[in-house]
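The structure appears right after this line, and notes come after that.
Computed from a prediction, not measured in an experiment: that's the story for all the values here.
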Protein chains: 2
Amino acid sequence: MKTADPELMRAINRFLVLDTIRRHGPIARVEIGARTELSATTVSAITAALLDDGLITVRHEGDIRSQSLRGRPRVMLALHPEAAWVVGVRLAGDRIVCVATNFQGDVLAGLTLPARITALATPDIADLVADGVRRCVGDAGLGLEQIKAVALSLPGIVEHGSGQVLASSVLGDLDAPLHEAITARLGIDTIIESDANAITMAQHWFGQARRHDDFVLVAIEEGLGLGVMHNGQLFRGAHGLSLTLGDMVMGPGGDTAMRLGDLAGQGTLLADPRLHEQGMAQVHALLEAGDDELRAVVARAGTALGIAIANLVALFAPPRVILVGSTLALGEHLLAPLRESFAAAIPAPLATLAEIVIDDAGDQLWARGAAAVALGELYGSPWGTTGPARHGQ
Amino acid sequence: MKTADPELMRAINRFLVLDTIRRHGPIARVEIGARTELSATTVSAITAALLDDGLITVRHEGDIRSQSLRGRPRVMLALHPEAAWVVGVRLAGDRIVCVATNFQGDVLAGLTLPARITALATPDIADLVADGVRRCVGDAGLGLEQIKAVALSLPGIVEHGSGQVLASSVLGDLDAPLHEAITARLGIDTIIESDANAITMAQHWFGQARRHDDFVLVAIEEGLGLGVMHNGQLFRGAHGLSLTLGDMVMGPGGDTAMRLGDLAGQGTLLADPRLHEQGMAQVHALLEAGDDELRAVVARAGTALGIAIANLVALFAPPRVILVGSTLALGEHLLAPLRESFAAAIPAPLATLAEIVIDDAGDQLWARGAAAVALGELYGSPWGTTGPARHGQ
DNA sequence: CCGATTTAAATCGGGATGCAAAATAACTCC
DNA sequence: GGAGTTATTTTGCATCCCGATTTAAATCGG
């Protein structure tokens, strides 16, 4: 635990107010006070500082007025969309997706660069990313110098803080300093984050979990990602490590043991020679056509996933589990066995606890999630004048 | 996140100081300052309040003096052992273990009551517990009114805060209000906690994890317990639920799927008719005698555990995993396959991360862990005079 | 034996924070 | 236009932490 001092106190409350404004659209000071349980005085002081720093503005849309129309009207406050801009990047196996967003996470420009990332060396990847970011920023009508942060998300295990990638299906050379390479090329603060954490943030900010401060997300893509939102914060492992599900071993041991990633990853589902370079759409077509062999493979994947999810629920007891990822395009072929094995595996007292939600998140939401990660850090970081209040003004 | 105010600030720092004193024996104010990074002024103020409240005392044992012998000598501060007393209780399938401890967790009296808990109704259990607590308190030369809190630990899933038991192998009727029953009988603040969390606290305070603020503990007893220490705090699920491992399902699904609890719980290991009522010692004897069938069962349990532990490491990335529980008496018969399957299942980048430690914790340490849970709450709670500093004194 | 030196702890003064109460602002209603 | 109502700001106070200074309690050295 960190030691507490007045500065930390202010930082906490400031963040609380800013986050309340973000979540609850244009909102009046009184209501911020009611929601955060801060006194009106404190809310006034903090909002004054935020206005001063240009992070929020007065905006009267959505001014619903308290029930009765009497009394002094509320002044509605909202994030100042142009307080800062960030870029979120998603690094997937075969493409790079960039989005530029404003301070509230609205997408101003999006861009997809097809590229066989897996085959590239780290410096080349950094070049592509930097290129994508530049173009995206240009498309948004901005200049690079206006971008306050870039967040790059990729599948695998990432150490938060250092930005070191410990494992990833898309990076060949884990020792090459990706973080430094990108920072050097763009000259912008860069955050490396696991893609599962990015899409988890996206669901929390923009998606199916806006009202949930506790949930678990399972991303079923090429690999299997895991994000845990705990008490409104991304849960990270001991060293700030992101979590992953692909390395979970299924099976009682011995010969039958298999990595979940090998059971339910797309590498397996696309292993059939007919499917090379075809992707999920083709798999789905074959399934619909009644390909029994493929159906069995998909069913096995669904079953394993159901069990893995039940295990997660048993561990974290989340009220909601969100499933995302391109593999979900297989629809009921995957989901039916998933649900069935989940139901069989979940212990009775927890059976009604967790609600499973499927979300067909598009590419752009993943990148937007990365942007949200960047914005989240901006919200928390000491801005212009976090410090002393300026009396002489 | 809770809103920050001066009171919270002080509570945090106060707890920090108290915890530092607890961990680092008799310690001087300067050193507390160095360790916590609080200013000498603040440390002085807080320790003055703590002395005033009688939670700490001046004690000169262990006064090592800074290297040079010059200058004003340090005043060593330590927990005041008689600031409060608590009782920790462990409810196991066939016995109740109680310990009374002083404010620093030293055991003053211990007591084991054999009893087939499983066969009893909740009110009878509460009677036994209350009886055990009373006798234990008497043995320690104390009166019930001196006991500030009682913590009761039991296997299963417990909701922290409400004290509701959601699942337990030792309680027949989960709807009967155990917490209220015990509070009513003793008239003392009572905390219900999972036994896994209790032994996790015990390891953190007194055992193999005194220097570790991040670790995972697996308790292999009748059931399979799990405790996660994250950043110096017990990690709890979404509703403050304790975690459990017994419900983890091993296997890719279908017919081969099995609960880990059914694979590695003692119910399974003792299933052989020859072993009824004999316990682990007899199992061990048979294993040593070369009973192949039994060996296979134990090996299968070890293998499954190894995989489960690997999965936990993949999830939480803890630097240390501690194994405890009576089943460990099986020794290498269990541990060799466990280690083997762990090594096979752990992903390469994490292979060197976690160190597995076996601890042969006795019954009393489990109960002492419950006491530590109670003490932990006392340390954090507002004591006598948490509030305003009294100037006129 | 007594002053210089050294280290620890307490005290003083300043700056920041949050809160409650009072004051002010900006409306609606009559 | 005045009364009533609700939102926001101002005022005054109590608390907290911190840096600098002062006091305390030893040792060292002559």
* Asked: Once you build an axis from the first five pairs and another from the last five of the helix from C/dC1-D/dG30 to C/dC30-D/dG1, how far apart in angle are they, to 10 degrees?
  -> 20°
Taking only N/O atoms, report every protein-nucleotides 18-21 of chain D pair under 3.5 Å with atom names and distance.
{"unit_1": "D/dC18", "atom_1": "OP2", "unit_2": "B/Ser39", "atom_2": "N", "d": "3.1"}
{"unit_1": "D/dC18", "atom_1": "OP2", "unit_2": "B/Ser39", "atom_2": "OG", "d": "3.0"}
{"unit_1": "D/dC18", "atom_1": "OP2", "unit_2": "B/Thr42", "atom_2": "OG1", "d": "2.5"}
{"unit_1": "D/dG19", "atom_1": "O6", "unit_2": "B/Thr41", "atom_2": "OG1", "d": "2.9"}

* Within the structure, does a side-chain N or O atom of A/Ser44 lie under 4.0 Å from either OP1 or OP2 of D/dT8? -> no
* To do: Report yes or no: do A/Asn231 and A/Gln233 form a side-chain donor-acceptor pair below 3.5 Å?
  => no
* Determine, stepwise, if the pair A/Arg35 / A/Thr20 fulfils side chain to side chain donor-acceptor pair (under 3.5 Å). => CA-CA 8 Å; A/Arg35 286 188 185 277; A/Thr20 303; over 6 Å; no
* Indicate, yes or no, whether a donor-acceptor pair under 3.5 Å links the base of C/dA26 to the side chain of A/Arg72. => no
* Structure fact -> Those residues at least two apart in sequence (or on a different chain) that pass ring pair (Phe, Tyr, Trp, His ring centres under 6.0 Å) with B/Phe235 are A/His230, A/Phe235, A/Phe316
* Could you tell me whether the phosphate oxygens of C/dG18, OP1 or OP2, come under 4.0 Å of any side-chain nitrogen or oxygen in A/Arg10? => yes
* Asked: Any side-chain donor-acceptor pair under 3.5 Å between B/Thr41 and B/Ser44?
  -> no
* To do: Flag this pair as yes if the NZ/CZ of B/Arg22 is under 6.0 angstrom from the six-membered ring centre of B/Tyr379 and inside a 45 degree cone about the axis; otherwise no.
  => no
* **Trace of the salt bridge (Lys or Arg N to Asp or Glu O under 4.0 Å) decision for A/Arg236 with A/Glu193** => CA-CA 11 Å; A/Arg236 301 174 200 278; A/Glu193 183 60 271; 3.1 Å; yes
* To do: Would you indicate whether the side-chain heavy atoms of B/Phe206 and B/Arg368 approach each other to under 4.5 Å?
  => yes
* Asked: Considering only C/dG18, C/dC27, C/dA9, which nucleotide approaches the side chain of A/Ile46 most closely?
  -> C/dG18
* Atom NZ of B/Lys2 and atom P of C/dG18: how far apart are they, to the nearest Å? -> 14 Å
* To do: Compare side-chain N and O positions of A/Arg74 against OP1 and OP2 of D/dA7 and report whether any pair is under 4.0 Å apart.
  => yes
* **Heavy-atom closest contact (B/Ile322 atom, B/Ala209 atom, distance)** => CD1-CB, 3.8 Å
* Is A/Asn13 near enough to C/dT17 that one of its side-chain N or O atoms lies under 4.0 angstrom from OP1 or OP2? -> no
